[in-house]
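The structure under discussion appears below in the form of structure tokens.
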Amino acid sequence: MPNESNAPTLTTDDHLILVDGSTFIFRAYHALPPLTRKSDGLPVGAVSGFCNMLWKLLQEGLTPEPGDEPTHMAVIFDHSAKTFRNEIYPEYKAHRPEPPEDLIPQFGLIREATRAFSVHCIEQEGFEADDLIATYARQAEKAGARVTIASGDKDLMQLLGPKVGMIDTMKGKIFGVEDVAEKFGVTPDKVIEVQALAGDSVDNVPGVPGIGLKTAAQLIQEYGDLETLLSKAEEIKQPKRRQNLIEFADQARISKQLVTLKEDVPLDVPLGALAVETLDGPKAVAFLKAMEFNTLTRRVAEKTGADTAEVEAAEFEIKGWDTPDGKGRVMNSAPADQNSKPAERSSSESSHGSAPDTGPWTPDALADSRAEEARTQKIDTSGYETVMDLERLKEWVADAFERGYVAVDTETTSLDAMQAELVGVSLATEPGKACYIPLAHVEGEGDLLGGGGLIPGQIRLEDALDVLKPMLEAPSVLKIAQNLKYDWLVLKRYGIEVAPFDDTMLLSYTVDAGKGGNGMDELSQRWLGHAPIPFKEVAGSGKSMVTFDKVPIERASAYAAEDADVTLRLWRVLKPRLAGDHMATVYETLERPLVPVLARMEERGASVDRQMLSRLSGEFAQGMARLESEIHELAGESFNIGSPKQLGDILFGKMGLPGGKKTKTGAWSTSVSVLDDLAAEGHELPSRIVEWRQLSKLKSTYSDALPGYIHPETKRVHTSYSLAATTTGRLSSSEPNLQNIPVRTEEGRKIRKAFVADKGHKLLSADYSQIELRVLAHMADIPQLKQAFEDGLDIHAMTASEMFGVPVKDMDPMVRRRAKAINFGIIYGISAFGLAAQLGISRGEAGDYIKTYFERFPGIRDYMEATKKFVHENGYVRTIFGRKAHYPEVNTKNPNMRSFLERAAINAPIQGSAADIIRRAMIRMEDRLATSKLSARMLLQVHDELIFEVPDDEVEKTIPLVKDVMEKAPEPAVQLSVPLQVDARAADNWDEAH
DNA sequence: CCTGCCCCATA
DNA sequence: GTATGGGGCAGGA
């Protein structure tokens, strides 16, 4: 189609900058200090800010990198207050106050400034600047050119895409698609849908009452767009929200029209005409001189070769301002021709006018292009730097402020964040640009005098932290780290609370849970095709391993700078995938906010009674010794009871007992179930072995090991929680694992009694009752189960009654036990084989139970079948809150593996939804306690239980609050169709509280 | 000294 | 039948 304007179209090499002049004026006026022309007091603050911005954009474009300068540029203004939007909705922008008096003369001056810099000044009656920007941006994008919108207006975010970026020149912040996800919770193409619902009080866009950004984003993520949502409004569970969506449907539609930018404005000035013209030095200098902007005048003169002395200050009419002398104003700077001819272009450039159509913007397209970029970019370490002086560090920090984000990594003396001493910090600001700041490296071994003197030349730790702290805590700088919880804890111990942040480990986990590990080395390999320097190669391993402070600075620097660089590159790949996969809400509501919560729990630690554990170890040792001689007596020889191999030889070889199960490797199993079977046949040795094993386990894993984890200073035990270790969304705990402290046996509970409260405090344990069965009842929509939970019945007895037709009253405990096993089996993706093993019955009998169960609860079978179908088709399943668990191998031909993965996929939404619920409770808990002025501290999480330390006199008030937060945790995102029940109790130790 | 295996503690 | 972490043993480096 011929270009009607005859102006050359843009090409892929072009870079168009569209400056949103109207919003800039207001923001500059309010943000910058008031500045007046020295000679007569003319207010020029906004003009000054505008000129500086324009100059910078002309010189550098978006970034200072060469080649980034604009080839096309325009400043766009609103023509008048009334536009077509006022016809749709007369109240639109009706709340706008009149501009302040000293701003009025600057409106005209800014247009003068634009012309003085030979930049096109665009405005059109009936349209807002935003519509013109949208139209130009889309046209340029279609031609394949790069577009940068210079504005701080969030309404323009709907335009962002792989080729369209945005810069807030007031804040120096560059926005990409990932920032749209951050702000609106959706991809750019869905921004208008969200705005239509949420409205905007500033522009007086009504939206739907009771729906804000968060809810709007969540609804749009679920339903896709406004119309679909409105057509399905009846399904919305929350009654108030449903009613509003129905009642205000038309208002939402109007809102959408208001926020939708017009992308087809008939342009007075064609796109091609916006080509950047050679700067007319004398003209610009004349204007700047008139404004008395001395610094900028000098700079522009230097750059253009204009002679400041020879150029006279321009004179022009200033509307809205009476000069003190009251004289008329003369125009002596020729006004720039708005329809000036486009700059000459070489024929070769204009010949490939039809640039490849990049197609409609999709989040996946950005994610894909970032992944491609990451794969192909070489990891070039020549841009790495070792920072040894404070001034240079300040420059890095200033750069981080300028960009608004920075990758950070700490190097320390220990993997244990509670013990780690800071050795150095690394930063990265763009791929290949990274630095390491050594702070506490010491001379290596090799001298007998103790060595360890600080290596000279390093910045003093305190000085460096003084410079880093404001940046690490600045709301305007996003800190990017891999497993930030570790760095957060280390820095917290140096008085720094890192915020805000992104965590590449959690980004990967959110998007790819189940597809593999989320550690940095693995992610680097997966996304960058690059194996980072292994820690082992830097610090050694095993006995010869040294702490990081003993690593020579040069080697440390290469390792540490690379870690920051890799982290930044991973962020660039992974962050856009959040939007592409519609997982931003999961990341922002279930993952990221939990990091500081868990960090504080780890920091507090739990108190254990060392004496009690020591006594227990002695007790267990005695019991073991007694059993050991009995066992050797019965066996007729001495052997290592702890060796399954030797034990098997004795039992199934020497003594000739009938072997039961075999292990994977073909050896006879000596597991409890086998030994119990033998014991049931009247053999004495196996039951002694089982008793010995129990004591051995309690001693080695708990009473012996736990004291070793007591922190030398805090005297408490600080576990470490992993947020990204499970496929389902559960946490895991290690070093020590405090999620498997014994509870089932009397002997085991003695360990639990050693977990005690501080003086004047109690331990409070609050646990969800049957949360997974309740989640299942909700998800699979099982009427009998829901009713039973509603009525507060014994769920296992109810199941037994339904299945076997026996009354709940005076039920045989064995019958209830069978039903209980089946209920658990269901959650685990039941198989006749497993149920048979659990209940010690035949597979046939177990199969009959399952059949009966499904007859009574057909909805459960339907749910299981639907889940299997879904996972086979999609390779993942979702929790109620949208978390994904991937099972990429589920279509394998290996029938055992396939069944296993199917069961895991059935279990994941149930286990995972329960995990999501307790996560939500934990995230809210601290605020709720603080609001009620309660000083309870959350210490531990054990999947469906939270443990707090509470001052004695606050126990009574804390219990109902904790219960409330936990029971309402799904809301408002989800209203479960079954009630949640939390049991809470306080006591002096964990055993009695549980 | 590292790794795989077995066994077992929890939800 | 689901999800973890960890100790001890045994075998190969």
Side-chain angles (χ1 to χ4, degrees), chain A residues 513-514 536 540-545 640-648 661-675 689-690 693-706 708-709 719-722 725-745 747-749 751-752 767-773 776 821-839 843 846 850 864 877 885 887 896 899-912 914-915 918 940-945 994:
Chain A
K536 280 195 288 188
S541 67
K543 218 178 140 190
S544 59
M545 185 164 81
N640 184 350
I641 307 169
S643 163
K645 187 169 151 7
Q646 292 183 31
L647 177 62
K661 292 186 296 183
K662 288 280 192 72
T663 67
K664 266 203 288 211
T665 48
W668 288 112
S669 167
T670 62
S671 66
V672 219
S673 65
V674 172
L675 298 181
I689 304 272
V690 170
R693 282 232 183 109
Q694 197 205 358
L695 295 182
S696 165
K697 174 79 176 177
L698 293 175
K699 182 170 185 292
S700 67
T701 308
Y702 302 105
S703 60
D704 283 354
L706 279 174
Y709 287 103
T719 184
S720 173
Y721 288 102
S722 173
T726 72
T727 307
T728 54
R730 272 194 182 176
L731 304 178
S732 77
S733 155
S734 62
E735 293 179 313
N737 181 354
L738 296 186
Q739 289 182 322
N740 69 348
I741 300 303
V743 69
R744 282 173 209 194
T745 65
E747 290 295 290
R749 281 202 294 275
I751 302 281
R752 204 165 262 240
D767 69 301
Y768 285 105
S769 158
Q770 307 286 2
I771 187 166
E772 293 190 349
L773 271 180
L776 175 66
I822 293 171
N823 276 334
F824 274 97
I826 293 294
I827 291 168
Y828 298 154
I830 206 152
S831 76
F833 184 88
L835 184 63
Q838 177 68 30
L839 287 175
R843 280 187 63 179
I850 294 169
M864 292 173 100
V877 289
Y887 296 92
N896 283 334
S899 302
F900 170 75
L901 292 171
E902 285 172 349
R903 289 193 298 272
I906 288 168
N907 172 255
I910 305 169
Q911 192 187 107
I918 198 165
L940 301 173
Q941 189 250 39
V942 192
H943 308 308
D944 66 357
E945 174 188 16
H994 185 71

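Not measured: the values here are computed from a predicted model. Excluded from the calculations below are hydrogen atoms, water molecules and symmetry mates; all remaining heavy atoms, backbone and side chain alike, are included. Within every chain, numbering begins at 1; the chains are lettered A, B, ... in the order of the sequence lines, protein sequences first and strands thereafter.
Summarising the geometry, the separation between CG on A/L675 and C1' on B/dC8 is reported as 12 Å, rounded to the nearest angstrom. Atom pair A/Q770:CD and B/dA11:P shows a separation of 12 Å (rounding to whole Å applied). Note: CZ (A/R749) to P (B/dT10) measures 10 Å, nearest angstrom. Atom CG of A/L738 is separated from atom C1' of B/dA11 by 14 Å (rounded to the nearest Å). If you take CZ of A/R693 and C1' of B/dC6, they are 9 Å apart, rounded to a whole angstrom.
Scored by the side chain to side chain contact (heavy atoms under 4.5 Å, CB included) test, A/L776 finds A/L773, A/A780, A/I826, A/I860, A/Y863, A/I910 as partners (sequence neighbours excluded). With sequence neighbours excluded, the residues satisfying side-chain hydrogen bond (donor to acceptor under 3.5 Å, both in side chains) with A/Q911 are A/T728, A/N907. Residues satisfying the side chain to side chain contact (heavy atoms under 4.5 Å, CB included) test with A/A914, not counting sequence neighbours, are A/I771, A/E772. Partners of A/R752 under the salt bridge (Lys or Arg N to Asp or Glu O under 4.0 Å) rule, at least two apart in sequence or in another chain, do not exist in this structure. For A/E747, the salt bridge (Lys or Arg N to Asp or Glu O under 4.0 Å) criterion is met by A/K750, not counting sequence neighbours. Taking the side chain to side chain contact (heavy atoms under 4.5 Å, CB included) definition, one finds that A/K661 meets it with A/S669, A/S671, A/S673, A/V674, sequence neighbours left out. Under the salt bridge (Lys or Arg N to Asp or Glu O under 4.0 Å) criterion, A/K697 pairs with no residue, sequence neighbours left out. For A/S769, the side chain to side chain contact (heavy atoms under 4.5 Å, CB included) criterion is met by A/R774, A/Q981, A/D983, not counting sequence neighbours.
Looking at A/T719, its side chain does come within 3.5 Å of a backbone N or O of A/P736 through a donor-acceptor pair. Looking only at distances, a side-chain donor or acceptor of A/Q646 sits under 3.5 Å from a matching main-chain atom of A/N640.
Residues A/V942 and A/I918 fail the side-chain proximity criterion, which asks for heavy atoms closer than 4.5 Å. Side-chain contact check for A/H994 versus A/E945: some heavy-atom pair is nearer than 4.5 Å. Two residues are said to be in side-chain contact when any heavy atoms from C-beta on lie closer than 4.5 Å; A/I751 and A/S703 meet this criterion.
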With B for base contact, S for sugar-phosphate-only contact and - for none (protein heavy atoms under 4.0 Å), nucleotides 1-6 of chain C reads BBBSBB

Using nucleotides 1-4 of chain B, report all nitrogen or oxygen pairs with the protein that are shorter than 3.5 Å.
none

Quick test: give all pairs of protein nitrogen or oxygen and nucleotides 11-13 of chain C nitrogen or oxygen below 3.5 Å, distance rounded to 0.1 Å.
none

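Remark: nothing in residues 663-673 of chain A comes within less than 4.0 Å of DNA chain C through any heavy atom.
In this structure, A/R744 reaches the bases: a heavy-atom distance under 4.0 Å links it to at least one base atom across the strands shown. Residue A/D767 is classed as having no contact, given no heavy-atom separation below 4.0 Å to the nucleic acid.
Minimum atom distance to the side chain of A/S643 is reached by C/dC9, of the listed C/dG7, B/dT10, C/dC9.
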